[in-house]
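Heavy-atom basis, side chains included; hydrogens, waters and symmetry copies ignored. We number each residue from 1, following the sequence as shown.
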Amino acid sequence: MKRSAQLLLLGTALASSMAGLGCEHHYYRAYDPYYTDYHDWNRNEIAYYHRWADETHRDRGRDFRSLRPEEQKEYWTWRHNHGDRDHDGDRDHDRDHH
């Protein structure tokens, strides 16, 4: 009986930890030092980043944080010239509700 309870507890713990993995998005806030503001790196910002990467013939799968500083500056300049309706402060809009 004790072994069955331990196995059940272990199985429940593993199942709940695996269920949480599918919901994680790894969003973060990115600071733009050129315009001295923050951007929530969420689905909306990723869409802008992919558009910029496509328009400038860059690898859209490359993590923004791994770009050279000159490329990041180029992105921020492009980004500020392409609207910011989802920029700085719309954190609640894209928050996960699991």
Working to the nearest 0.5 Å, report the span between [atom1] of [X] and [atom2] of [Y].
X	Y	atom1	atom2	value
W76	N81	CH2	CG	13.5 Å
D59	H50	CG	NE2	9.0 Å
K73	Y35	NZ	OH	8.5 Å
T56	R51	OG1	CZ	11.5 Å

>> Applying side-chain contact (heavy atoms from CB on, under 4.5 Å) to H80 and D32, what does each step give before you reach the verdict?
In response: CA-CA 10 Å; H80 280 271; D32 174 358; 2.9 Å; yes
>> salt bridge (charged side-chain N to carboxylate O under 4.0 Å, His left out) for R68 and E74? Distances and angles first, verdict last.
In response: CA-CA 10 Å; R68 293 187 328 264; E74 186 180 332; over 6 Å; no
>> Are Y75 and W52 an aromatic pair, judged by ring center distance below 6.0 Å?
In response: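 Yes - the distance between ring centres of W52 and Y75 falls below the 6.0 Å cut-off.
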> Taking side chain as C-beta onward, heavy atoms only, is F64 less than 4.5 Å from I46?
Replying inline: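 No. Closest side-chain heavy atoms not under 4.5 Å.
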> Is the shortest heavy-atom distance from the side chain of W78 to the side chain of E55 under 4.5 Å?
Replying inline: yes
> Stepwise, does the side-chain contact (heavy atoms from CB on, under 4.5 Å) test hold for Y31 with D37?
Replying inline: CA-CA 6 Å; Y31 180 67; D37 60 356; 5.9 Å; no
> Should E71 and R62 count as an ion pair when the cut-off is N to O under 4.0 Å?
Replying inline: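 Yes.
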> Relative to Y49, does R79 satisfy both conditions: NZ or CZ under 6.0 angstrom from the six-membered ring centre, and within 45 degrees of the ring's axis?
Replying inline: no
> Has the side chain of D54 got a donor or acceptor atom that lies under 3.5 Å from a matching backbone atom of H57?
Replying inline: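 Between the backbone of H57 and the side chain of D54 there is no qualifying donor-acceptor contact (under 3.5 Å).
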> Would you say D63's side chain and R65's backbone share a donor-acceptor pair under 3.5 angstrom?
Replying inline: yes
